[in-house]
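The model shown is predicted, which means the values in this text are computed figures rather than measured ones.
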Amino acid sequence: MKRNKYLLSIGVMAGMLALTGCNDFLDRSPQGQFTEDDHPGALAEGKVFNIYTMMRSFDITAGTPAFAIHCFRSEDSEKGSISSDGSEQAAMYDDFLYNASNGLIKSYWSQNYAIIYQCNDVLDAIETGHLTGENDLYNKGEALFFRAYCYFNLVRAFGEVPLVTFKVNEASEANVPKTTVAKIYEQIDKDLDDAEDLLPDQWPAAYLGRLTWGAARSLHARTYMMRNDWKNMYSAASDVMGKGIYNLNTPYDKIFTDEGENSGGSIFELQCTATAAMPQSDKIGSQFCEVQGVRGAGQWDLGWGWHMATELMAEAFEPGDPRKDATLLYFRRQDTDPVTPQNTNKPYGESPVSQAMGAYFNKKAYTNPALRQEFTNKGYWVNIRLIRYSDVVLMAAEAANELGNTTEAQKDLEMVRARARGNNPGVLPEVTSLEQGVLRDAIRHERRVELGLEFDRFYDLVRWGIAEQVLHAAGKSNYQPKNALLPIPQDEIDKSKGVLVQNPDYL
């Protein structure tokens, strides 16, 4: 399977060669640095392919900036690792002692904008080159999706941010004031509407992992969810379900394994691989597993041990819920501690040893020991799942319930619980109530455990208006409503020479 993913990369380069005629792809500058005299279509497509690489980067999906901003701030996650490793990040994100000079927010901001500028380059090349071929329109749809994705990252994290939708030739051109949240979402909606019109429902197998209509429509549902726009959220999520492309057939404990990559429940995942020549390269893989891997010694040196689960995350699972063992990676504190069923992990029977501070590692970043032997302990080959079908089904359930269609909401909720239940009818009983308040609580709970240690728990708490209540109850008493948004990176404010102003709560 890993070989197939590598052949995909070869296939993509072959496609580039076909587009560029006699030009030798291997003699070019690195991907994404094509010259202006290249074939315009090849230039645009090369930059689109490079965006996929940029999306796998440490600063946006695979490293500490993403985990800190998306995950640490909830009650279910914490920095983890050891106290001497990143204590300032624990203070910032676990304890809400925000600092505008924090390096992680600068990295996150910069990488999102780097991708936005690359998308703008692609869109400009397509427009000015009058490129209207089928492949050009697919490239346009991909660029629009990624631009919307990054602006959604930014608007959730920072609120008002600069809106730049043109090709930037000089850095000074991007030095523009912040745009209102409403205008940012207006641009996101426009980009995703257009992407939905341009992207295919599916790709041939050779292009596994490229963006589709379903990815754009699902992301659109997620943006409506953040705004509690129930009507549009329901429409978008229902459209995806109505297509019949995706399913919940993959057992939960297989989703985050190599076997579960690109399954019927995957709407968008970033493709990663490793080879004998490049066993630990972020050019073809990512640090997603390395950053979250077991922090130990010897065979248990699987990574840095960041982004660990709390006891509250463990307690959230109902008795017998199979998702608990598929979400939490158990470990021993010392080599001398006995190996027990409670600290042994399926399916490989491993009981790691670590002195990390957290309660559990993230099993959704757990790697196959056979592939560790083949490549490296750090798991660079593991795909990053960004949009899953169960998330869409739960979005449909939540929206239906808020619109008063509790019968449909209950059915969608049961779809997700039934898959989690598997062949064990004795666990996860069906929620049969049609009372809106009961279903609201049940759907919120289901999102927490179905999507545990993924990217949206903190933002769910914020949009539900319960972040302060939940986080204070969890002992994160420093949280205040202003902490829903991060401060703008101070370096960006300084560089702007007064054009960019700090968020009002952090002046």
Side-chain angles (χ1 to χ4, degrees), residues 1-2 4-5 56 61-62 67 70-71 76-77 208-209 212 214-215 218-219 222 237 240-241 245-273 285-286 288-289 292-293 307 309 313-314 316-318 320-330 345-348 350 360-371 379-397 412-424 427-428 445-457:
M1 181 205 60
K2 293 297 160 184
N4 291 340
K5 287 207 290 184
R56 295 197 304 266
T61 55
F67 302 132
H70 288 263
C71 304
D76 291 339
S77 299
L208 185 69
T212 61
S218 299
L219 177 61
R222 188 178 285 174
V240 175
M241 294 176 68
I245 297 173
Y246 309 104
N247 61 66
L248 298 178
N249 296 340
T250 304
Y252 196 90
D253 64 353
K254 302 294 184 187
I255 295 171
F256 292 92
T257 66
D258 299 293
E259 177 186 343
E261 290 184 343
N262 302 303
S263 68
S266 178
I267 295 177
F268 181 46
E269 62 185 76
L270 296 171
Q271 306 298 301
C272 301
T273 193
S286 87
F288 182 83
C289 290
Q292 300 179 90
H307 183 214
M313 178 79 261
F317 293 97
E318 296 167 60
D321 188 341
R323 292 173 294 194
K324 181 177 181 180
D325 287 349
T327 302
L328 306 179
L329 185 64
Y330 310 112
N345 298 277
K346 300 174 183 177
Y348 307 120
E350 293 187 320
Y360 311 91
F361 291 104
N362 184 1
K363 197 172 183 183
K364 294 177 180 179
Y366 184 42
T367 55
N368 184 334
L371 291 175
Y380 274 62
W381 60 85
V382 175
N383 284 2
I384 304 172
R385 285 73 164 171
L386 290 181
I387 305 177
R388 297 202 290 116
Y389 184 53
S390 58
D391 188 2
V392 174
V393 175
L394 290 173
M395 285 192 267
D412 290 343
L413 173 63
E414 175 55 18
M415 281 178 60
V416 176
R417 289 177 68 81
R419 189 271 295 276
R421 189 182 303 127
N423 296 320
N424 186 353
V427 301
L428 299 176
H445 164 78
E446 203 66 21
R447 284 190 63 79
R448 184 182 185 187
V449 293
E450 172 70 21
L451 307 172
L453 302 186
E454 296 178 49
F455 281 134
D456 285 335
R457 174 63 179 172

Check your understanding: Minimum heavy-atom separation for V416 to S390, with atom names?
Key -> CG2-O, 4.1 Å
**Study point:** R421 side chain to L428 backbone, donor-acceptor under 3.5 Å
**Key:** yes
Check your understanding: Do the side chains of Y348 and P369 get nearer than 4.5 Å, heavy atoms only?
Key -> yes
Practice item. Only counting residues at least two apart or in another chain, list the ones meeting salt bridge (Lys or Arg N to Asp or Glu O under 4.0 Å) with E450. Key: R323, R388, R419
Study note, to complete from the structure: Of all heavy-atom pairs linking R385 and G260, the shortest is NH2-C, 3.8 Å
Check your understanding: If you take all heavy atoms of Y389 and L248, which pair is closest and at what distance?
Key -> CD2-CD2, 3.7 Å
Practice item. Identify, with sequence neighbours excluded, every residue that meets side-chain contact (heavy atoms from CB on, under 4.5 Å) alongside S218. Key: V240, I267, I387, V392
Practice item. Begin with the C-alpha distance, continue with both residues' side-chain angles, and end with the deciding distance and a verdict on side-chain contact (heavy atoms from CB on, under 4.5 Å) for R222 and D391. Key: CA-CA 9 Å; R222 188 178 285 174; D391 188 2; 2.8 Å; yes
Revision key, fill the gap. Heavy-atom nearest pair, T367 first then G379, reads CG2-CA, 3.7 Å
Practice item. Report the C-alpha distance between T61 and S286 in whole Å, list the side-chain angles of each, state the deciding distance to 0.1 Å, and finish with yes or no for side-chain contact (heavy atoms from CB on, under 4.5 Å). Key: CA-CA 9 Å; T61 55; S286 87; over 6 Å; no
Point to revise | Criterion side-chain contact (heavy atoms from CB on, under 4.5 Å) on R447 and M395, from CA distance to verdict | key: CA-CA 9 Å; R447 284 190 63 79; M395 285 192 267; 4.0 Å; yes
Exercise for review: List in chain and number order the residues that pass salt bridge (Lys or Arg N to Asp or Glu O under 4.0 Å) with K364, two or more places apart in sequence or in another chain; answer none if no residue qualifies.
Suggested key: E454
Practice item. Could I get the full list of side-chain contact (heavy atoms from CB on, under 4.5 Å) partners for N345, not counting sequence neighbours? Key: L329, Y330, P352, K363, Y366
**Study point:** Nearest-0.5 Å distance that lies between atom NZ in K324 and atom CZ in F317
**Key:** 8.0 Å
Exercise for review: State which residues pass side-chain contact (heavy atoms from CB on, under 4.5 Å) with P347; sequence neighbours excluded, sorted by chain then number.
Suggested key: none
Review point. Are any side-chain N or O atoms of Q292 and backbone N or O atoms of N362, one a donor and one an acceptor, separated by less than 3.5 Å?
Key: no
**Study point:** Polar side-chain atom of T257 near backbone of K254 as donor-acceptor pair, under 3.5 Å
**Key:** yes
Practice item. Starting at CD of Q271, measure out to CD of E261 and round the result to the nearest 0.5 Å. Key: 7.0 Å
Exercise for review: Report the C-alpha distance between L453 and M313 in whole Å, list the side-chain angles of each, state the deciding distance to 0.1 Å, and finish with yes or no for side-chain contact (heavy atoms from CB on, under 4.5 Å).
Suggested key: CA-CA 8 Å; L453 302 186; M313 178 79 261; 4.2 Å; yes
**Study point:** Nearest atoms (heavy-atom pairs only) where F455 meets L386
**Key:** CE1-CD2, 4.0 Å
Check your understanding: Who pairs with D76 by salt bridge (Lys or Arg N to Asp or Glu O under 4.0 Å), at least two apart in sequence or on another chain?
Key -> R448, R457
Point to revise | For G452 against T327, the heavy-atom pair lying closest together | key: O-CG2, 3.8 Å
Review point. Where the side chain of E269 meets the backbone of N262, is there a donor-acceptor pair that is under 3.5 Å apart?
Key: yes
